[in-house]
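Scope of the values below: all heavy atoms of this structure, side chains included, with no hydrogens, waters or symmetry mates. Quick note on labels: first sequence line is chain A, next is B, and so on, each numbered from 1.
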Number of protein chains: 2
Amino acid sequence: MKLYFNKIGSLETVTIKDIAKVLNLSTSTVSRALRGSYEINAETKRLVMEYAEKVNYSPNPIALSLKENKSRAIGVIVPEIANHFFSQAINGIEDVANKRGYHVVIFQSHESYQREVINIQHIIARKVDGLLISLSGQTNDVIHLQEIQQKKLPFVLFDRVSDKIEAHKVVADNFDGAFKATEHLILSGRRRIAHIASPSLLSITKERLAGYKAALEKYSILYDESLVKYCGFGAEEVKKLVGDLLENQKPDAIFTTSDRLALDCFSEIKEQGILIPEQLSFIGFTNLKVAHLLAPSLSTVVQPAFEIGQTAAELLLDSIERKSQNIEQFRTIKIPTEMVVRKSSVFN
Amino acid sequence: MKLYFNKIGSLETVTIKDIAKVLNLSTSTVSRALRGSYEINAETKRLVMEYAEKVNYSPNPIALSLKENKSRAIGVIVPEIANHFFSQAINGIEDVANKRGYHVVIFQSHESYQREVINIQHIIARKVDGLLISLSGQTNDVIHLQEIQQKKLPFVLFDRVSDKIEAHKVVADNFDGAFKATEHLILSGRRRIAHIASPSLLSITKERLAGYKAALEKYSILYDESLVKYCGFGAEEVKKLVGDLLENQKPDAIFTTSDRLALDCFSEIKEQGILIPEQLSFIGFTNLKVAHLLAPSLSTVVQPAFEIGQTAAELLLDSIERKSQNIEQFRTIKIPTEMVVRKSSVFN
DNA sequence: AACGTTCCCGACAACGATTGCATAAAGATA
DNA sequence: TATCTTTATGCAATCGTTGTCGGGAACGTT
């Protein structure tokens with residue numbers, strides 16, 4: 001025996017069956033009436049609609065998912081939401097997804113390959129319609145991505161992509177951003193420009209390094225490997241590497257490649273009592289909201305995180321909705337970066 | 001006719017029915033075998049288990065949700081994930097939820113009451129087992145929360161709570177944090193201490209104001225209303241209010257109440273060329289990771305975001321799993337705050 | 001009068017998994 | 001031999017919804 005307390009908000013949510021019973025109709029008729037099917041009498045439709053409205057009927061998305069084998073939800077896997085780039089990208093994703101009637105389910109890999117794989121399994125079991133992924137710093141192989149592809153589940157890589165797999169990709173123009181930053185340092189008179197980079201596995205690392213090298217080459221500065229350091233995500237590790245670098249290589253400028261690195265590096269430099277920008281120019285590849293409040297204010301190359309998220313989501317949803325046609329070309333979309341010069345890199 | 005490509009990963013996911021067909025058993029037997037029911041022959045069990053393992057069977061959570069009318073997922077609604085306090089709190093929530101076998105689905109209200117309500121509706125339709133909510137800055141009434149309560153859906157408010165409703169609540173010790181911050185300013189010799197507060201609707205705002213007042217009172221400093229400003233979340237608004245305050249009230253210290261306010265306020269002070277801490281002491285109620293990198297480094301009252309998230313999640317899951325017993329006492333848990341003194345509030 | 005249309009609507013199966021009940025086969029007891 | 005237990009399994013209902021099929025009623029056509 002079921003209980004209904006509809007006057008005070010339903011204890012049990014009302015289903016199509018409940019409506020059918022009350023109106024003495026079959027569930028099929030109610031269903032069709034609600035979807036405005038042509039084969040239902042106008043009067044019946046009105047009755048059903050009105051009653052549904054009155055009892056605040058809303059279809060059970062779980063039942064629909066089961067029936068249709070899709071969920072109108074997309075999964076997002078990012079290394080860390082406590083990172084402005086990713087939280088802004090997620091905002092971009094949600095913006096697009098919500099407009100197109102999809103939900104967004106967020107997962108974090110916390111820079112762990114293992115968690116990335118587990119997340120993907122979970123997310124697939126949950127029957128999302130598609131996936132947006134930014135790879136963890138530990139991710140080296142792409143077998144988990146290949147599995148997704150074999151399951152014909154649409155996905156788009158963004159920001160942290162891999163060149164070991166063919167897929168839709170949305171990235172910032174890392175090469176150009178790094179090139180501009182390096183060129184800026186060179187033009188302001190620096191020559192010994194160090195580059196603090198993310199783990200070498202990441203695509204962003206390679207592209208930014210390439211931009212850095214290209215700028216050096218353009219101005220005929222020899223590439224010096226000892227000025228480039230790859231760092232993981234531990235603060236201590238970064239500080240040690242940077243400490244060594246400062247002591248042994250005496251760079252006159254540093255170009256870092258991410259929020260985390262910029263901050264840890266920045267604080268190590270200050271702890272060593274080295275003056276920015278007088279003794280050392282500094283520019284970061286970051287999305288920090290507080291860049292202008294640091295002392296000195298931090299020059300940065302900014303990635304349009306929100307736009308990257310939007311673009312990736314658009315691409316994914318197009319792919320999902322076009323899925324049946326099947327034959328589709330993988331696309332890589334590159335979004336321009338912007339350089340903001342502040343005090344940390346201007347010393348004259 | 002279904003296609004199976006199990007050697008290369010299944011195109012169609014395998015169901016209990018598929019297993020049954022292959023092994024010439026009924027779905028019931030397979031189901032029971034997988035759950036290790038005592039009424040299934042040991043040999044049959046082994047067969048089923050092995051085959052299930054081989055084809056990588058995993059039960060369809062959607063089907064289970066439909067049947068059991070629960071999802072082993074909890075919903076989280078926060079104003080903004082691009083806010084360290086909330087992203088850290090979410091990490092705490094996920095930590096606990098994952099350990100206890102639940103998924104976390106994140107929604108943002110973007111400080112909008114309307115979006116908060118819509119999010120709640122969505123989330124309820126999705127059949128989550130419970131809800132964690134931190135209210136938006138615009139939220140004034142709690143009818144949406146009352147609705148949840150009438151639907152008997154367990155929920156816990158955290159950080160941004162409301163005193164208009166009885167429910168489980170987890171908060172930082174805002175009173176004490178504000179008291180300590182204000183007292184610190186007083187003890188260092190300040191007397192005209194301004195307080196930049198969040199929207200006055202929020203519980204945190206009221207509690208922190210009370211702590212501020214209590215500290216003033218303890219040291220027999222008269223409470224001056226004109227030193228207190230309530231701000232929304234727009235940068236321009238904050239800067240204008242602070243600008244006016246600085247000009248007209250000439251405070252010798254400022255105590256702000258959130259990340260956003262601290263940053264906007266900080267930058268306005270610097271733009272006006274006022275020296276921190278010489279002319280003006282500054283302390284914020286924030287969770288900024290970069291507080292120590294600002295110039296001068298920023299004194300703060302820190303809320304244990306991760307722990308708040310953990311506690312709230314524990315409370316919710318307990319509530320969910322105890323749900324059937326029904327009669328439960330609402331609890332309010334207060335987590336201590338910590339004061340970190342840096343240069344922005346030390347001038348001698 | 002016999003047949004064909006059109007209009008509305010209901011019965012049933014299906015999606016994937018669980019579970020109460022029924023039951024066949026085999027063994028145990030009287 | 002007849003009846004009762006036990007063991008192992010299958011059937012069918014269920015969750016909420018939709019799609020396929022089929023059919024009754026009312027009307028028009030020959």
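- The side chain to side chain donor-acceptor pair (under 3.5 Å) analysis of residues 134-145 of chain B, with sequence neighbours excluded, yields the pairs B:Y113-B:D141, B:E116-B:T139, B:E116-B:H144, B:S136-B:T139, B:N140-B:K164.
- For the pair A:A42 and A:T27, both in contact range of DNA chain C, the more 5′-proximal nearest nucleotide belongs to A:A42.
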*Heavy-atom protein contacts under 4.0 Å, nucleotides 21-28 of chain D, coded B base, S sugar-phosphate only, - none*: --------
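- Rounded to a whole Å, the CD1 atom of B:I16 is 8 Å from the C1' atom of C:dT18.
- Counting only heavy atoms from C-beta on, A:L25 has its side chain closest to C:dC9 among D:dT17, C:dC9, C:dC12.
- Remark: the A:T44 side chain and the C:dC8 base include no donor-acceptor N/O pair separated by less than 3.5 Å.
- B:A312 is linked by a side-chain contact (heavy atoms from CB on, under 4.5 Å) to B:L132, B:V156, B:F158, B:V170, counting only residues two or more places apart in sequence or in another chain.
- B:R72 meets the salt bridge (Lys or Arg N to Asp or Glu O under 4.0 Å) test with no other residue; sequence neighbours excluded.
- For the contact set between residues 56-73 of chain A and DNA chain C, defined by any heavy atom under 4.0 Å, the members are A:L66, A:K67.
- What separates CD1 of A:I40 from P of C:dC7 is a distance of 13 Å, to the nearest Å.
- Between the C1' atom of D:dG10 and the CG atom of B:N24 lies a distance of 13 Å, rounded to the nearest Å.
- Counting only heavy atoms from C-beta on, B:S28 has its side chain closest to D:dA12 among D:dT9, C:dC12, D:dA12.
- Annotation: side chain to side chain donor-acceptor pair (under 3.5 Å) contacts of A:E50 (sequence neighbours excluded): A:R46.
- With sequence neighbours excluded, the residues that form a side-chain contact (heavy atoms from CB on, under 4.5 Å) with A:V22 are A:Y51.
- In this structure, B:E80 and A:N91 approach most closely via the heavy-atom pair OE2-ND2, 3.9 Å.
- The CG-C1' distance, from B:N41 to D:dG10, rounds to 15 Å in whole Å.
- With sequence neighbours excluded, the residues forming a side-chain contact (heavy atoms from CB on, under 4.5 Å) with B:K45 are B:A33, B:I40, listed by chain and number.
- Taking both residues in full, the closest heavy atoms of B:G130 and B:L153 are given as N-CD1, 4.2 Å, listed atom of the first, atom of the second, then distance.
- In this structure, B:R35 places its CZ atom 18 Å from P of C:dG16, rounding to the nearest Å.
- Rounded to whole Å, atom P of C:dC8 lies 18 Å from atom CG of A:L23.
- For the helix from C:dA1-D:dT30 to C:dA30-D:dT1, the terminal axes (five pairs an end, C1' atoms, rotation from four pairs onto the next four) enclose an angle of 80°, given to 10 degrees.
- Residues satisfying the salt bridge (Lys or Arg N to Asp or Glu O under 4.0 Å) criterion with A:D95, sequence neighbours excluded, are A:K99.
- In this entry the distance linking CZ of B:R126 with C1' of D:dG16 reads 14 Å, nearest Å.
- Listed by chain and number, the residues in a salt bridge (Lys or Arg N to Asp or Glu O under 4.0 Å) with A:E111 are A:R160 (sequence neighbours excluded).
- Taking 3.5 Å as the limit, the base of D:dA8 and the side chain of B:T29 contain no donor-acceptor pair of atoms between them.
- Between B:K17 and C:dC15 there is a side-chain polar atom (N or O) within less than 4.0 angstrom of OP1 or OP2.
- Remark: A:L145 engages A:I120, A:I133, A:L135, A:V142, A:I148, A:F155, A:L157, A:I165 in a side-chain contact (heavy atoms from CB on, under 4.5 Å) (not counting sequence neighbours).
- Under a cut-off of 6.0 angstrom, the local environment of CD in B:E39 is crowded, with over 12 non-hydrogen atoms contributed by other residues, nucleotides or ligands.
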